[in-house]
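The chains referred to below are lettered A, B, ... by the order of the sequence lines, with proteins before strands, and numbering in each begins at 1. Excluded from the calculations below are hydrogen atoms, water molecules and symmetry mates; all remaining heavy atoms, backbone and side chain alike, are included.
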Amino acid sequence: MVGFRVALQTTTTVDWPLHHEHAWDLPPRDAAAVQGRLAGQLVESPLPTSIDAVAGVDVSVCSGRVRAAIVVLAPDGSRVLDHAVWEGDVCYPYVPGLLSFREIPAVIPALERLSVRPQVVLCDGHGRAHPRRFGLACHLGLLLDLPCFGVAKTRLVGTHDGPGRLRGSRSPLLDGDELLGTVVRTRTGVKPVFVSVGHRVTLGDAIDLTLALAPRYRLPEPTRLAHHVSRSGRLPGPG
DNA sequence: GCGACAG
DNA sequence: ATCTTGTCGC
């Protein structure tokens, strides 16, 4: 009887120690100052060689309510390993450049409902491709001290040429000489996505993983599924 | 003053 | 993001 219990997955939730603390209800001026201070702590390094779970994060808003969704997949995107949702009141307005202050307070409680711990997190938004080089993916990655990067659907800052029409084509996202990220075509003939580093990952690894996780759709599976869950409340498909 | 502006 | 109908193409 004991041996049977031990063989099962006994973990019901994942513990998420936060690696820094600061107020979230800050006026825009102060929030921007926090971003500028934390940006100096970001680390750019290769992804771990052993990855068995990747997570996608997304947040949707409806009638003053915010719903955060996390979907955890196998590293090749083949299987859904876990998912979680958290809903609450909207407590911060949308301000370009301050998206993390609106979304992270909802993402954290959703993450705490997971029973599988991901080694990498994909965000629906930018990382370093941000006015102060501290987008949502940077903030979440640093807070969790976990590899994290952004895959955004539209540009926030920077300039770029149009990448080739074929899937896999890419073009640098620049601010003068500074490389902010890469515009990546995940589907032939379809509008590209904007990949940028968040924390503890290299741009090359982020691009490779993005393409590996987006074999069929424009958005990588983790983010695409998280988006579906945040809007509908459940995973797509039969069931 | 005017245009831009992740989700 | 959200508000909304039909439509073109694989």
Novice: First locate atom CZ of F194(A), then atom OG1 of T210(A), and finally report the distance between them rounded to the nearest 0.5 Å.
Specialist: 13.0 Å
Novice: Give R187(A) one of three labels, base, sugar-phosphate or nothing, depending on what nucleic acid heavy atoms sit under 4.0 Å from its own.
Specialist: nothing
Novice: Within this structure, what is the CG-SG distance for the pair L143(A) and C148(A), rounded to the nearest 0.5 Å?
Specialist: 10.0 Å
Novice: Fill in the dot-bracket string of DNA chain B, one character per base: . for unpaired, | for a pair to another strand, ( ) or [ ] for pairs within the strand, taking Watson-Crick or G-U pairs under 3.5 Å.
Specialist: .......
Novice: Please map the stems of DNA chain C, keeping only stretches of three or more Watson-Crick or G-U wobble pairs with both distances under 3.5 angstrom.
Specialist: none
Novice: Any N/O pairs under 3.5 Å between the protein and nucleotides 7-10 of chain C? List them or say none.
Specialist:
none

Novice: Should the pair R200(A)-D145(A) be classified as a salt bridge under the 4.0 Å nitrogen-to-oxygen rule?
Specialist: yes
Novice: Of all the heavy-atom pairs spanning L47(A) and D205(A), show the shortest one and how long it is.
Specialist: N-OD2, 2.9 Å
Novice: Please tell me whether V121(A) and L38(A) are part of a single hydrophobic cluster in this structure, the criterion being side-chain heavy atoms less than 4.5 Å apart.
Specialist: yes
Novice: Could you tell me which residues satisfy ring pair (Phe, Tyr, Trp, His ring centres under 6.0 Å) with F134(A), sequence neighbours excluded, listed by chain and number?
Specialist: H139(A)
Novice: Taking all non-hydrogen atoms of both residues into account, name the closest pair between S232(A) and R234(A) and its distance.
Specialist: OG-O, 2.9 Å
Novice: Could you report the tightest heavy-atom contact between G158(A) and L173(A), atom names first, then the distance?
Specialist: C-CD1, 3.8 Å
Novice: Taking all non-hydrogen atoms of both residues, which atom of P222(A) and which atom of V54(A) are closest, and how far apart?
Specialist: CG-CG2, 4.0 Å
Novice: Should we count CZ of R65(A) as having more than 12 external heavy atoms under 6.0 Å?
Specialist: yes
Novice: Which residues, if any, of residues 160-182 of chain A bring a heavy atom under 4.0 Å of DNA chain C?
Specialist: none
Novice: Assign a letter to each nucleotide of nucleotides 2-7 of chain B from its 5' end: B, base within under 4.0 Å of a protein heavy atom; S, sugar-phosphate only; -, no contact.
Specialist: --SBBB
Novice: Consider only side-chain N and O atoms of S115(A) and D82(A), and report whether a donor and an acceptor are under 3.5 Å apart.
Specialist: yes
Novice: Measure the spacing between OG1 of T182(A) and CG of L174(A) and express it to the nearest 0.5 Å.
Specialist: 9.0 Å
Novice: Below 4.5 Å, heavy atoms only, C-beta onward: do D25(A) and C91(A) meet side chain to side chain?
Specialist: no
Novice: If we check side chain to side chain contact (heavy atoms under 4.5 Å, CB included) with V193(A), which of these qualifies: T186(A), T223(A), V183(A)?
Specialist: T186(A)
Novice: Closest heavy-atom contact between A53(A) and V72(A)?
Specialist: CB-CG1, 3.7 Å
